[in-house]
Every structure is written in C-alpha cells, then in structure tokens.
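Report on the structure given below.
Predicted, not measured: the structure shown is a model, and the values here were computed from it. Each chain gets a letter, A, B and so on, in the order the sequences are listed, and its residues count up from 1.
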Amino acid sequence: MGIVQILFWFLTALALVSALMVLLSKNPVFSVLWLIAVFFAISGHYILLNAQFLAIVNMIVYAGAIMVLFLFVIMLMNLNKETEPQKNIWMKIAGAVSGGCLLMVLISLVKQANEMTGKTALMKDGNIGLIGNLGKALFSDFVVPFEISSVLFLSAMVGAVVIGKK
Amino acid sequence: MTLLALDWFLLIEKLVLIAVIIFASLGIALYTTFAERKVAAILQDRPGPNRAGSFGLLQPLADGLKLITKEEIIPNSANKALFILGPGLAMTAALMTCAVVPWGNKVEMFGRSIALQIADINIGILYVFGVVSMGVYGVMIGGWASNNKFSLMAALRGASQAISYELAMGLSLIALLMLTGSLSLRKIVEQQMMDGHFWNIAYQPLGFLIFFICAMAECNRTPFDLPEAENELNFGYHQEYSSMKLGFYLFSEYINMFISSTIMATMFFGGYDVPFFNEAAHADLGNWLAVIGIVSLLFKVIIFIFVFMWIRWTIPRFRYDQLMNLGWKKMIPLALANMVITGAVILWLQK
Amino acid sequence: MPIQYYIFLALALFTIGIVGVLTRRNAIIIFMCVELMLNATNLLLVAFSKMHHGLAYASDKASLVGIDGQLFVFFIMVVAAAEVSVGLAIIVMMYRNTHSVDINFLNRLKN
Amino acid sequence: MNNLIFLVPLLPLIGFLINGLGRKSLSKQVIAIIGSGSILGSFILSVLLFLQVKSTGTTIVANYFNFIEVGNLTIPFAFQIDQLSSLFLLIITGIGFLIHVYSASYMHDEENQHYGRYFAYLNLFVFSMLLLVMGANYVIMFIGWEGVGLCSYLLIGFWFKNDSYNYAAKKAFIMNRIGDLGFLLAVFYLINKLGTVTYVDVFANVSKLSSQDITIITALLFVGAMGKSAQLPLYTWLPDAMAGPTPVSALIHAATMVTAGIYMIARSNILYTMAPGTQGFIAVVGLVTALFAATIALKQNDIKKVLAYSTVSQLGYMFLGLGVGAYTGAVFHVMTHAFFKALLFLGAGSVIHAMHHEQDIRKMGGLKKFMPITNITFLLGCLAIAGVPPFSGFFSKDEILAAAFEKNPILYYLGVAGALMTTFYMFRLYAMTFLGKFRGTHDQEHHLHESPSAITFPLIVLAILATVGGFIGIPEVFARESHWLEHYLSPIFAGSTALVEAHAVNHSQELLMMGVVTALVLVTIVFAWNKFSKYEATATEETGLGKVLANKWYVDELYDAVIVNPLNAFSGFLKNVIEKSVIDGAVSGVGRLVNYSSRQLRLVQSGQVGGYILMMVLSMIVVILLWINDATIIRFISKIF
Amino acid sequence: MQALTTRAQQVERKPLSFLESIYLWNIFKGMAITFKHMFKKQPTVHYPEVKREFSPVFRGLHVLNRDAEGRENCTACGLCAVACPAEAITMEAAERLEGEENLYREEKYAAKYEINMLRCIFCGLCEEACPKDAIYLSETFAPSDYSRKGFIYGKENLLIPNPVTHPTEYAAAKGNRI
C-alpha cells in the first residue's frame, strides 16, 4: 500500500465520518464545522487526483466563503442544541432506511455496469488539473459559460441584497 | 506534488525544514511582540521594556512565561471543544501560510540540493489565500464558543472585515499575476531577480498599496483593529480567553503579520533578491548565497514589520462604517481599475 | 485508484446528503446537505475527468482530454455559491418572519 | 394586379384597426377619412380587378396559406376573383364607399369615441363582406358569413344604451345563427362527401355526389341563405334591424349583407340546378316571402319598416329568380336592388335626419318643397323599385318574372301581384312623405332643411345608378345580344345553363306581358298618388285585414306562441328540473366524490418538503429497480443479507 | 436654539473631500510626525539607577527626631495633632520614669504616636507647629504595604535610628537636613 492508497483511504474515511457527523450533530455549528472537514477531505482527494486548482478553489469558495456565510447565519440566529428542531423518530428511520435502500440500489447498479470495471483514475500524473491548462480552456472554449456565470453571480448578489433588505 | 512520493530523505528534509520554519516563525513572532513595545516606546519618546535582560531582550520570554503560568479559565457556559479549537485553528492557519514562501536559494547540503521552501506548488499564491480564508474560522469559532454577546459581535465584526478585505486583496494581486503569468511564488521571485527586471513594486505601486492596506486589515492591525478594540468596543472575540489560549490568538496575529510581510516582500520586493547584486554572477559563494538571500528577505520583512508598527502607533482606528466603506467602495473599485489598466497596458505592449 | 472506489465514495456522500435532507428539519442543515450532494458530484466529475484523461495520457502526455469535467466542477461551484447567497438570504427572511428555521413551518404548499 | 388582391379586404381591415384602436384619440375628420378612404382604395382596386376580369375573362385564384390542415383535408386561405365575385366587389365597395361618405355627415352628432367605433364596425363589416365574396372556398366564405353576422349585431346594437335596440341586435344575431347552423352543416356534409370545400374542386366533382346528397347540401345551404337573406320564416330580424343607424340599414340590410344568401346560391348554382326539388322549394319560399312581406309593407307607418319589408319582399323576388333558374336575373336584381334600395334608405335617412329622428310617415308630408334633392332622388328610387321602364328595377324584375313565367305561369301572376303591391306601398310611402302638407309639429317644420352635400352626393350618385343601372341587362326582346350582364356572367352559370334546355318565351308574348304589367304599375302609381297625397291623420283604428297587416300578420306573436314560449317552458323545465336535479346532481355528486377522496388523499400532501423528498427518493428507488435487471438486483441483495 | 454663551462654536461637518476620503495624504503626514519622534531625546529618568534631585522643600514621610544623644525630642504636647488639617496624628502621653533619661529628653514623652499615612496630606503643618523640632518631613516617599493597617505608622516606623547606636542609618535617614 503506497502513500497514495494510505491517503486515499484516510481521506475517504475522514469524508464519510465527517459527512455522517454533519447529520448526527445536534448543534448546527458543529454541523457546519464537520461539513468544513468534509470539504477539506474532498480537497485532499482533489490534490490526490492532481486537480490542484479545484482543490484550492474548493477550499477558498466552499470552506472559506460559503461555510463562513453559513456560520454567520447560524451564529446570528443563535441556533443551538436547544432550539434545534427534531423530526419524529419514525420519520428519521424512514429517511435513513430509504436513503440506505437508494445507496444499495445505486451501488448494485454501478457494480453491474461493465463500463466502469477495470477503469482507474489517473492519480498524480496528468496536467489537466493545473491552473494554466484550466485557464486556457476556460477562457477559450468555455468563455461564454464563464461570462454567463458571472452574470448569474451578479443577479444572485442583487437578489440576495433585495431579499435581505426587505 | 513531490511531497507524496515515498522519498524518505525528502520527507526528512521537508520535516526539518518545516520544523525550522515554524520555530523561526514563532521566534520571530515572539520578538515581534517585543519589537512592538519597543517601537511604540521609541515613537513615543520612551525607552520601552528594558528590565528583562539587557535592553529587555528577554522580555518576550517573560511574557510567554507569564501567559503560560496564568490561570486557564474556561467559562462554564462556553462550548469547551470549540473554545479550545478556536485559538488552535487561528494558530494553525497562521503557520500554514509559510509552506509556500521561498525563503532563499537552494542550498547544497549532505549531497542534496535543498530548496528553502516547503512546497513549490503550482498555485502558490492561491494557497495563501485559501489558508488566509481559513483564518476567519479561528476568530469566529472562538468568539462564538465563548458564549458571550460581545465576543460574538466582535467575531462577526472581525470575520466580515477579513472577508471584505480578502476580496480587494485578491483583486489587487490579479494585476500582478497578469504580469508574472505564474502563481508560483518562487517563479515570481526568480522573475524579479532576472536582469532587466525591476521589483514588481515598480510595475504595480497601486497594487502594492492596496495589498498592503488589505494585509493590514487581514492582520487586524491598527487602523483596522476593530475586532479587538480593547476599551472602546469591549475587547474583542478573545474577551473570555486567558492564559495561553489568549496567547495563541495574540501570537497568531503576530505570525500573520510576519507572514504577510514575507508575502509582500516576496511578491513586490524581490523576495530573497539582494538589490544591486547579481546572484548568478556570484555562484562561487555557494551556500552563503542562500544565507545572504535569507538575510535580505528577513531585512525586508523587518522593515515591513516596522512599518506596520509605525502605522499602528500613528493612526487612530477607523470607525466601522468607514472601514467597510473603505473596503468596498474604495479598495475594490481601485483594485478593479488597477486590474483593468494593467490588462490594457499589457495588451497594448504585446499588441 | 479504481474508478469504482470514487463512485462508491461519491454515492455514499450523496446518500448521506439525501438522508440529511430527509431526517433534519433545520432549513440550514438541509441546505448544507444539498451542498454535500453537490460536492459528491464534484468529486465524481473530477474522478471521471481523470479517468478519461488517464486513457489519453498513456499515448499523449500533453493531452487535455477530460479537462471539461474539471471545468464543470468549477461551474458547479459558481452556481453553488450563487445559490447559497440567495438561499441564505431566503432563510434569513424566513427566520425574520417565523422566528424559526424549521421547515415544518413552511407548509404553505399544503393549501 | 393579381398580387394586390389581398389588399382589397386588407384595406378595410386596416381602417378597422386604426379607427377601432384610435377612436378616442383621432378626430372625427380623420376617422371619416380613414374609414371612407380605405373603402375607396378597395373600390379602386375592385374596379381594376373588374376591368381585368372583364377583359381577360379568366378566374384568378390567389392562394395565401393553408388555413386548416388536418389529415387529408386541406383548406387553403385563398381568394377567388371571377366574374361573379368581381361584380359583387364592385357593388360592396362602391355602395359601401357612398354609404361611408353619407355616414360621415349623418353620424356627425355622435361622440368622437362612438363615431370612431361606428366607422370601425362599418369597415369591419366591409372587410367581412369582402372576405365572404372573395373567398375561394366555403370555409373562407363562412368566416365572412359569420363576420357580417357579427357586424350586423354590433351595428344594430350600435346605440347600446337602448334596451330594445339590443334586443333587436340579439334577435338578428340569433336568427342568423339558426341559418348559419344550416350553412355549417352543409360545409361539414361537403367535407364528408367530397373532402374539399374549394369551389373549383367541388363544382368539378359534383358528379360524384348522389342527387340525395346534393338535395341535402343545397337545402342546408338554403337554410343558411334563409337566415342571412331574411326569407320566410327567418325574416323577422330584418325589420327589427332598423334599430341601427339608417346608413347601416342601407348598407347591410339593403345592399350587401342580405344579398350574401343570393351570392352563395348563385355561386353554387350548379348544385342547385342539379337539385330541382330544392330549387322548387326556393322558388316557393321566395315567392311567398315576396308576397307576404309586401302585404305587411302595405300597412306600415314607419318609413324604415316599410323599406325593410320591401327589402324582404325584393329578396323574395331574387330567390324566386334563383328558384326558377334565372341566376343572372337574380344577380341583376341584386345589383339594381342595391342601387335603389340603398338610395331609398339613404333618402329615408335624409328625411329622418331632417325630421330629427321622426320615422312615422303619418307625421310627415309635404317635404317636397323643403328637400328638393331628396325628393327627386327618392322619387327616382320609387320608380325604379316599382319597375317603371326604363328604370333599373323594370329590367331586373322583368327578367325574373319572365323566367318564372317560363317555369310556371302561377308564379308569374303572383309575382306580378307582388310587384303591384310593391308599387302601391312605395308610392304610398312617397306620397305620405313628400306630398300634401306638413303634418308634424311646428318646431320640426321650422328646422326642416335639405341635407348637407355629403348626404346628397351619395343620393345623387345612387339615383343616377338606379335610373340607368338597368341598361346593362336589356332583354333580348328589345335588342339581340344586348344583355351585357348575362354575357358577362355566362362563364359562372355555364354549367347550369348547359344542364337546362333553353326554351325562351316568344317575343310577342313577352312584350305583351311587359306592356300589361307596366300599365298596371302606372295605374297603381296614379291610384296611390291620389289616395295618399291628400292623407290626413285619422284616429280610426285599422280593422280586419288592415289590422292584421299592420301587425305584420302577427308573425312575431305567432313565433312567440309557437316557438318562443314552448321553448321557454322547455328551457325552464330543463333549467329547474333536469339541470338542478339530474345534471347538477351528477356534477355535484362527482364533485363530492372527488372532494371526499381528495380529503383522504390530502393527508399525503402534508406540505412538508421532507415528505415530498422522501416520496421522491422512494420513487427513484422504484424506477431504478424497474430499470435494472431484476435477477442481478436480487442476487446482489441476497449477497448482502 | 439660542446659544447660552458666546463661546459656543458650530462644528463644521463637511463631507470629506476626495483626497481626505482616501486618507493617504493625512496618514503620511501623521507618520512623518511620529517618525520625527524617533530621534527626539527621551525625557525618561531611569529611576532606580538614576534618581531625580529633590528640591530643598520636599516633604516626604514623617520622622520623629532624636537629639544628638539619641533621646526622643517629642514631649507629646499635641500641637502637631492640633495643627494637622487632615487629623492624621494621634498620640498618648506618658511620664518619664527613673532611668529613662537617656531615652526621652523631657519629663513627658509620647508613649504612643501614630500617623495615618493614608490621611496625611504631607502639608508640613505639624513640622511648623512642633516647638521641640521633634517631627519633620523627610525625603523618603512612596511607601507600600499590603493592607491599609500597615499605613498607620507607629513610633517604630517613625523614629529615626539612634545616632549613638546606629550612626550610619541615622545619617542616611537624616539626609541632608539641618
């Protein structure tokens, strides 16, 4: 087991445990922090896949900006364990069971998909994850979506301000 | 990422490097606290601390000792885990930044060529931003976990300040990155060292100014020290902290200052480049070249730290609305304008 | 690594997101679970992009096959950020009106 | 020229849009200019088209787009310009233009907004009528057919603040609807049998139809014509339609709309020629209508009512002509009738205008000296309608009567009787209005004056036309090959004439008949003139037949008793019993059932987003399970447990 | 509103001009000012090593004097207590017994003499009032203690060392007086 494998399994375990803890934490602030841990784990996976740019963008955008917003909101609303609304236990069980069924069905689906067997993801080689290549592709082939997404951002910003000002 | 290859010598080398850099950072931060007091005294026509050791040089140790031996108080209603996590996060985030800074040229040692940089990654400066954005969590978590309204307010104040100024900071750097065409800090330094190239400050004075101001805000230095305004705003996010946890917060701030000075020196002032000295022509100096480089970098850093302090002891703090106005209405448009102008000039020169 | 590992990991994360949406009542947590699901897909996209790239890489080292997958991830992040800004604004509005973030109060669909 | 055809109906449509939308902002002058100008444009184009058709003699079919395309059925939006339609175009646009000019002055007292509305309706009417005439198939014709119905409703109820006018408008609309149903059924029948409604195709494939089919189609079409052209028993709307402004009466109820039925039958002449049964029926209905309406007209005192019944009567003559196969005669009469009836209506309008909306002829008299132009033109119109040679009515009516004589002398004699009655009531009307001494109030007398030139100009033009219009159809008796109209229309009726063997009445007999009829007419004129020029208002009640006639044979009452009241009672029964208990019961029962089951189902709709998402996830699972191979999934699941 | 005094001035609140709103120029001016101070002479006296000269009329802690033979001058007349505006001085008198002549100069002496240093305002009136030169204010200052009680100085704190037995301490305590 090389260092890549070790890191892979470590990050996978971290991601899954943290993701579960997002659900299981009673306190929303802990949920946010666990979710940040998930994002870190996923960023780690990106680094393993040599998608450096995405790794760091994931960190800046998700962990650095989006989750800060979540924290802001939660802290300003003063949400904590006591005020956390809880679902009735049967609903929780139903949700968990149906989710588990979905996972099982999906996994069986993937297991029997012949296209996916024997394929591997290239780990640390390959330069497509580097910022130079991504930038070239982004500003040549994907420049229109890029501009449109900037417009989307602007409108989202305006929307957020308008909603928030009411 | 060479880090992941199972090259044990490399691993040891990097570990040693990490240890050295971390301890150096801590030491420098330690003495920055001392310098702060000394500079304040000098600017105010006072001698400053001079009791512990000659010229008070042992003062930081005494301070540290005092912080460590003080009683640790964790408020009853505080969230214990997060209360401890907060300063730890702040410290970690502060220290993690040094990973991508090139401290000097390569040194030849034990038959290996060792780069004085923990990791020369493709996305160097982005990494710095990523880590800096993590720094917000230390403040927020600490402020929230204290379970104190004033701490929470200060934490939110600090977080929104950090986020606001991070934007302008990034934008101001984009203009510079257009010039360099690379995100790797080492590449940026090497470009500045080349013949016929001036330091980037010559090309990007406005960008540097914006970056400098934003760095000051990121470090919560006066005039942007709203998050920790002691008497005026009922202390800051660390109001409930005492002892070493408070020390961590204060320390992380000084480390931040040190690191941001380093980044500024690297990005705009040639890093370990010695002015008017052609390194390439003096290859015979061997490892001493690296030492000269490190000294040069540290010298620049010290000047920056001094400027930080100088400003702190000159300027009163902004009001919060002024701070936000400055960030959003002045800095960001300026940075954008700088970006557009730089882009236009680059295009014009390239035809 | 075998691509299936990544698929399973992404599926597991995705399912955890779904279970979170199903079992929690806090609108913010549900929103976070949606983000989790988005991230699961992002991970899968990157893995697939590297899988396709790996096939092309064997013959051509400079090949850019699979780069679009990573760009999709980039756009997903953009959309997610926009979504979060608006979504959180909505949640804040909701909190102002109902003084709660419990989605069970949002049962206007009923009438 | 051919590519300008679409402009002919388009101009009035544009006029309609401008006037309709700008009725509040445009000045009256502009509205009048737009309204009349668009019609004038159409008229000029129509003249050009007419000249082209006249010189080349070809039929132009302009195909624009496919109006309906379902399965095998393709109904193009197409215009057909041939001899018949070009002639009608001339009548519609020409008289329409004159009436527009007339209206510009006549309606000048209206508010700006209503003035614009009036012209918009008028233009829309002309547009619909042009569509009706120009359409190359029955469906386009039907669009125009419905359009004129709509416009007549709108125009009759133009003064919508008066309830009785609205009632009249509704009556016209409903009567027309009854007829339209027949038309629509005929079109469906055609589509069913032939799969096409285009004239050319239909007439070419007539031989494929059995005689029964043709009879049914023609009968149904005739029902449509009965409604539109006010034939017995669907005529009662026309007299009531006098509620509208007088120019409207002139345009719709004299010159154009009511002739739509004639046009339609003339257009489908081949079908009718092949259905002798229907033709006989038409002849009888036409004759009965002619006599019936004439008798009513004898005793009417409302100037417009007299004219309205005379219109019904004249339409009856036209149908008589159609029924006896004198298609040319019928069309000829349409044309001359358009001239003199428009003239008479406009003259009546002029009188009414001068009398400040007094329509009772008993309160008029002696208007001759106040309104010389109106007097003369009205007199010319009366002479024309009475059939005094050489006025236009003489030629056209004579042609129809001659054809009727060929068919059956009884038809002829009755027709002559009707013509004499026509002469009598027209001169009664003339004498009571213009001769003698004024019987109105002093105030009215003070204000009596000749109408402005915008009113008299159309009168003069129409009077000239009514006088000389007959010369396009001089009978064979007087000069060989002199019947220009017959010659011109011969391509249209070629199919019919080929089917019916020509047996002309010999000339001496015809001349004798003409002489006798003319003499009788002149006698009647003298009689009526003398009788009514010295008319004095008496308070005596009409008795006997006079009362019956004055009350229009009690037809409206009869309809009320026979149709309306039972229908009302039946509707009441349906409404109160069937609707309430049966239909409402069923509907409410279904509603209650749905309500109940919804209330049970509503429990699923908790409004909780979580519940919905749970459902979503479960259905996803089900879909995937259905999609992937069952065997593998079972194997997989059994492996897990 | 009518101004109450003529001294009231309207504060001008103009919006900042562009240059001002950038802050930079004024910041540089301020920084130049602080930078100048780096080169100013420090007025600090490095106290324990360097002491500032007292003025001749400096009034420090009280001292109960002895004469050259080591006898207490005080006769417990109470004039100092009367003179004291802060009423900080109390005393109890006692008669000199046989064999105590070497201790007290007069036949009456202060058996107990207390000054509350927390009340004392160091005005020096006691010194003025004393007919025997028994009390005077020294150059010693800034006493420190852990409790308020410690600031009630008794004779043991106030008495000057005996010039006969402890001549050096006496000299030090006496300072440059007389």
Side-chain angles (χ1 to χ4, degrees), chain A residues 1-8 25 27-30 32-37 39-40 43-44 46-81 123-125 127 129-135, chain B residues 1-8 10-11 77 79 81-82 85-86 89 93 96 100 119 121-137 139-141 143-147 149 151-153 155-160 162-164 166-167 170 177-178 181-184 187 237:
Chain A
M1 203 143 104
I3 192 159
V4 172
Q5 271 79 2
I6 293 168
L7 282 172
F8 176 84
S25 315
N27 193 328
V29 175
F30 279 102
V32 173
L33 296 177
W34 282 117
L35 191 59
I36 295 169
F39 292 152
F40 267 101
S43 279
Y46 290 160
I47 291 173
L48 278 187
L49 288 165
N50 204 19
Q52 294 185 11
F53 176 68
L54 284 182
I56 207 72
V57 165
N58 195 41
M59 234 158 79
I60 294 177
V61 172
Y62 268 110
I66 293 182
M67 296 323 287
V68 171
L69 270 183
F70 273 107
L71 261 190
F72 252 70
V73 172
I74 289 176
M75 286 180 178
L76 280 176
M77 289 176 183
N78 197 17
L79 301 178
N80 49 39
K81 215 185 284 184
M123 293 310 279
K124 59 185 180 187
D125 296 315
N127 294 324
L130 299 188
I131 188 164
N133 294 329
L134 278 174
Chain B
M1 289 282 285
T2 46
L3 227 182
L4 297 172
L6 211 52
D7 182 350
W8 289 104
L10 189 71
L11 205 61
S77 56
N79 193 322
L82 294 188
L85 185 62
L89 264 181
M96 266 167 75
V100 289
I121 50 178
N122 192 282
I123 41 167
I125 196 71
L126 269 185
Y127 169 84
V128 174
F129 278 111
V131 174
V132 165
S133 63
M134 289 301 104
V136 179
Y137 285 110
V139 172
M140 283 192 79
I141 290 172
W144 184 80
S146 308
N147 202 1
K149 296 261 182 306
S151 308
L152 180 59
M153 285 300 152
L156 295 183
R157 221 161 47 217
S160 33
I163 290 174
S164 310
E166 211 173 291
L167 273 176
L177 296 177
M178 282 186 206
S182 169
L183 291 176
S184 161
K187 281 222 183 80
Y237 49 87

### Task
For I131(A) and L126(B), run side-chain contact (heavy atoms from CB on, under 4.5 Å): C-alpha distance rounded to whole Å, both residues' side-chain angles, the deciding distance at 0.1 Å, then the answer.
CA-CA 10 Å; I131(A) 188 164; L126(B) 269 185; 3.9 Å; yes

Looking at [atom1] of [X] and [atom2] of [Y], how far apart are the two atoms once the value is rounded to the nearest 0.5 Å?
X: I141(B); Y: M75(A); atom1: CD1; atom2: CE; result: 6.5 Å
X: L183(B); Y: F53(A); atom1: CG; atom2: CZ; result: 8.5 Å
X: F30(A); Y: N79(B); atom1: CZ; atom2: CG; result: 4.0 Å
X: N78(A); Y: N147(B); atom1: CG; atom2: CG; result: 8.0 Å
X: Q52(A); Y: Y127(B); atom1: CD; atom2: OH; result: 12.0 Å

### Task
Examine whether an atom of S160(B) lies under 4.5 Å from a heavy atom of chain A, and if so say whether it belongs to the side chain, the backbone or both; otherwise answer neither.
both

### Query
So what's closer than 4.5 Å to chain A heavy atoms on L156(B): side chain, backbone, both or neither?
both

### Message
Testing the basics here: between G64(A) and S133(B), what is the closest heavy-atom pair and its distance to 0.1 Å?
### Response
CA-OG, 3.8 Å

### Query
Step by step, would you call F129(B) with I56(A) a side-chain contact (heavy atoms from CB on, under 4.5 Å)?
CA-CA 9 Å; F129(B) 278 111; I56(A) 207 72; over 6 Å; no

### Task
Just give me the residue among M140(B), M153(B), E166(B) that pairs up with chain A most often, heavy atom to heavy atom, under 4.5 Å.
M140(B)

[X] side chain near [Y] side chain, heavy-atom distance below 4.5 Å:
X: L82(B); Y: L33(A); value: yes
X: V68(A); Y: Y137(B); value: yes
X: L130(A); Y: I123(B); value: no

### Query
Do F40(A) and M134(B) pass the side-chain contact (heavy atoms from CB on, under 4.5 Å) test, and can you show the C-alpha distance, the side-chain angles, and the key distance before you say yes or no?
CA-CA 11 Å; F40(A) 267 101; M134(B) 289 301 104; 3.1 Å; yes

### Message
For V29(A), which atoms come within 4.5 Å of any heavy atom of chain B: side chain, backbone, both, or neither?
### Response
side chain

### Query
What part of N58(A) lies closer than 4.5 angstrom to a heavy atom of chain B: side chain, backbone, both or neither?
neither

